[in-house]
Amino acid sequence: MQDDVQLHPRLTLNLGLRYEYRPPWSEANGLYSTFDPSSGSLVIPDGASANISPLFTQVLPQVNVIEASQAGFPSETLAKSDLNNVAPRVGVAFRPFGHARTVIRGAYGLFYNVAPATNSAGGSPFKLSEPPFVNPAEAPELVWPLAYPTAGVTPSAQAFPGDLQAHDPDFVIPYTHQWNVTLEQEIQNTAARVSYVGTVGRAMPVQRNINIPEANAIPFIDKPRPFPEYSVINLRENARTHDYHALITEVKRRLAGGLSYQVSYTWSKHLGNTEGTLENPFDLASLRGLLFRFPNHRLTGNFMWELPVGRGRPFGSSFHGLTEAVLGGWQLAGVVSLQSGDHLTPVYSAPDIHTNTQFTTSSTPGEVTWRPDRIADGNLPTDQQSIDQWFDLSAFKDPGCPDADPFCSGTARTSVERYGNAGVGIIEGPGSRVVHLGLYKSFHIRDRVRLRFEWTATSAFNWPNYSNPTVNLSNTTDVGRITEVGGAAGGRGLQDVGRPREMRLGLRLDW
């Protein structure tokens with residue numbers, strides 16, 4: 001439902017209310033499953049037991065499979081429907097002085113995701129992977145693999161067929177609150193606008209491994225886990241959030257006096273825990289930081305200028321003949337994009353002796369790529385940044401190494417029984433500068449015949465736009481170095497792509 005309500009000649013409201021119902025997915029044959037942490041069982045829809053692979057109980061007799069009603073789950077979808085997705089819309093337009101040259105606008109809306117999350121379909125316990133088969137070279141004749149084995153399949157219980165997926169039966173549709181307040185002012189042929197824009201995401205989905213042991217110095221294989229018969233159990237639930245706030249200014253001029261332009265500047269900040277590797281699945285707060293591809297500063301603009309030289313223009317209005325053909329009637333146009341860099345997260349790769357939470361079937365610690373300790377800012381002053389060292393490498397260290405030897409190796413590393421303290425998005429990468437230009441002129445040959453000359457240049461000033469530096473501190477060859485060009489902060493469309501300068505000359509005949 002939506003309606004416009006005019007409360008006063010100067011005040012108009014736009015009111016709306018939307019309701020959305022998106023039930024969870026179901027599978028026609030009941031080939032659905034989810035893991036229930038409360039009972040430690042694999043849950044399938046009611047009546048689906050007949051579809052369980054006959055090999056499943058032979059190979060994994062320790063896995064308890066129950067139907068939905070036994071676990072208290074919905075019988076077909078294994079997840080409850082989210083029934084309260086009411087989405088209001090409110091818009092306000094106010095002319096404080098009665099005329100349309102000054103307008104204050106504001107709006108708020110609640111928006112839900114367009115598709116519900118789903119449980120695992122078609123996998124365990126309804127199928128097992130075919131056992132590996134190699135035709136031996138010394139075989140006297142070709143032997144085909146057994147496509148539908150009935151026995152002899154012996155995968156390890158630790159290597160459960162795929163990581164177990166657990167879906168919170170109370171999972172709700174993720175949603176965002178969005179709002180803005182805008183002041184608009186028109187001055188002759190120019191319109192100015194200043195806006196505050198906010199967006200916050202709530203109940204965003206996360207998959208976290210709930211089957212990891214406590215972080216300490218005890219080797220992984222010797223530590224108790226909640227469900228020792230399984231390896232990884234990824235629980236999907238509503239736990240992530242993000243917050244975006246921006247001040248946006250824009251100036252726009254309609255074509256007048258041979259000049260039109262539009263310039264917009266955005267100053268923003270986007271925080272959240274929706275990106276990066278979830279090192280500690282029980283501490284989502286440690287993942288909160290500046291999100292990767294959201295620059296704090298961004299300026300974009302475009303313009304078209306009829307150069308004031310030639311017939312009918314302020315200078316050279318008396319030109320004619322060859323002088324007018326060479327000097328008069330030119331147009332210059334351009335597109336500009338300037339923005340600050342991406343927000344980068346330093347990491348290091350090493351055996352997991354600090355937490356011993358990485359899954360492994362031996363006493364050898366698993367290899368991890370995690371965030372280090374941060375002992376200084378890490379960002380270098382602008383005049384000290386170079387393609388060979390973009391950020392301060394000495395600002396980071398392996399948690400188990402001394403400050404004097406930040407990434408010691410082998411036996412020099414000691415277990416600290418914790419994760420690194422470096423935050424997410426703490427290093428600012430290189431920004432981008434892109435200017436595209438075009439120069440045009442039309443030659444009137446006859447009343448209905450015109451020849452148009454065009455010169456265009458993409459990346460007209462040929463400024464280098466660097467890709468992001470290597471942030472893995474274990475890469476001793478390239479860490480901190482920029483090894484490519486192309487524009488790390490670009491790639492959001494043709495306007496932003498950093499590239500070498502390319503020029504084009506063209507003639508077009510119109511009749």
Side-chain angles (χ1 to χ4, degrees), residues 1-8 10-27 32 34 36-38 43 45 68-69 71-94 103-121 165-184 195-208 235-248 268-275 284-285 287-288 291 294:
M1 300 181 293
Q2 185 167 307
D3 193 18
D4 290 329
V5 181
Q6 189 171 24
L7 300 181
H8 186 273
R10 301 182 182 183
L11 179 62
T12 301
L13 298 182
N14 177 272
L15 304 175
L17 186 65
R18 180 183 179 92
Y19 177 74
E20 302 182 2
Y21 172 61
R22 293 188 176 93
W25 299 97
S26 60
E27 207 282 328
Y32 247 22
T34 186
D36 176 25
S38 61
V43 181
S69 57
F73 284 29
S75 59
E76 293 183 4
T77 62
L78 307 182
K80 300 175 183 177
S81 294
D82 188 5
L83 301 176
N84 62 345
N85 294 338
V86 178
R89 308 280 197 273
V90 179
V92 180
F94 177 52
V103 180
I104 299 174
R105 305 181 190 275
Y108 165 80
L110 180 61
F111 301 86
Y112 290 89
N113 199 0
V114 297
T118 178
N119 286 293
S120 299
Q165 303 296 318
H167 183 80
D168 183 0
D170 296 314
F171 190 90
V172 300
I173 301 292
Y175 57 92
T176 62
H177 298 278
Q178 301 181 22
W179 64 89
N180 67 79
V181 178
T182 299
L183 170 63
E184 296 178 336
S195 302
Y196 160 63
V197 176
T199 299
V200 297
R202 297 294 180 261
M204 310 302 286
V206 64
Q207 281 191 320
R208 60 186 185 92
L235 172 65
R236 183 193 294 111
E237 58 185 352
N238 302 105
R240 294 186 188 256
T241 63
H242 69 87
D243 301 81
Y244 175 82
H245 301 278
L247 179 66
I248 302 174
S268 65
K269 190 173 187 179
H270 199 177
L271 287 167
N273 59 4
T274 56
E275 294 179 347
L284 284 172
L287 199 60
R288 186 173 176 82
L291 298 187
F294 291 88

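- Between the side chain of Y19 and the backbone N or O of L83, at least one donor-acceptor pair lies under 3.5 Å.
- Rounding to the nearest 0.5 angstrom, the gap separating the OG1 atom in T12 from the CZ atom in R105 is 9.5 Å.
- The heavy-atom pair separating E76 from Y32 by the smallest distance is O-CD2, 4.1 Å.
- Remark: Q165 CD to T118 OG1 distance equals 10.5 Å, nearest 0.5 Å.
- Without hydrogens or angle criteria, N238 side chain to A203 main chain gives a donor-acceptor distance under 3.5 Å.
- More than 12 heavy atoms of other residues, nucleotides or ligands sit less than 6.0 Å from atom CD of E184.
- Under the 4.5 Å side-chain criterion, counting only non-hydrogen atoms from C-beta, V197 is in contact with N180.
- How far NE2 of H242 is from CE of M204: 4.0 Å, rounded to the nearest 0.5 Å.
- Considering only heavy atoms from C-beta on, H245 comes within 4.5 Å of Y196 through its side chain.
- Expressed to the nearest 0.5 Å, how far CG of L291 lies from CG of L271 amounts to 7.0 Å.
- Residues E237 and V206 are in side-chain contact: their nearest non-hydrogen atoms beyond the backbone lie under 4.5 Å apart.
- Among all heavy-atom pairs drawn from A117 and W25, the shortest one is O-CD1, 4.1 Å.
- Side-chain atoms of R240 come within 3.5 Å of backbone N or O of N273 as a donor-acceptor pair.
- Put simply, the side chain of D36 never gets that close to the backbone of V43: no donor and acceptor are under 3.5 Å apart.
- Distance alone, capped at 3.5 Å, places no donor-acceptor pair between the R18 side chain and the V86 backbone.
- Note that CZ of F111 is 9.5 Å distant from CD of E20, once rounded to the nearest 0.5 Å.
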Report task. I would like to know whether Y21 and S81 meet side chain to side chain contact (heavy atoms under 4.5 Å, CB included); could you show each step before the answer? Result -> CA-CA 8 Å; Y21 172 61; S81 294; 3.6 Å; yes
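- Under the 4.5 Å side-chain criterion, counting only non-hydrogen atoms from C-beta, S75 is not in contact with S69.
- Looking at R22, its side chain does come within 3.5 Å of a backbone N or O of V114 through a donor-acceptor pair.
- Put simply, the side chain of T34 never gets that close to the backbone of N119: no donor and acceptor are under 3.5 Å apart.
- Counting heavy atoms from C-beta outward, Y175 and N85 have side chains that stay 4.5 Å or more apart.
- Atom-to-atom distance recorded for L284:CG and R208:CZ is 7.0 Å, nearest 0.5 angstrom.
- Using a 4.5 Å heavy-atom cutoff, the side chains of P45 and L78 are in contact.
- Salt bridge R202/D243: present, at least one basic N to carboxylate O contact under 4.0 Å.
- Put simply, the side chain of P205 reaches to within 4.5 Å of the side chain of F171, judged on heavy atoms.
- Minimum heavy-atom separation, S26 to T77: CB-CG2, 4.1 Å.
- Results of the side-chain contact (heavy atoms from CB on, under 4.5 Å) test with W179 over V200, T199, V90 single out V200 as the only residue that passes.
- Taking all atoms of both residues into account, the shortest heavy-atom contact from A246 to S268 is CB-CB, 3.6 Å.
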Requested in this report: Check the pair T241, R288 against side chain to side chain contact (heavy atoms under 4.5 Å, CB included), reporting the backbone distance first and the verdict last.
Outcome: CA-CA 9 Å; T241 63; R288 186 173 176 82; 3.5 Å; yes
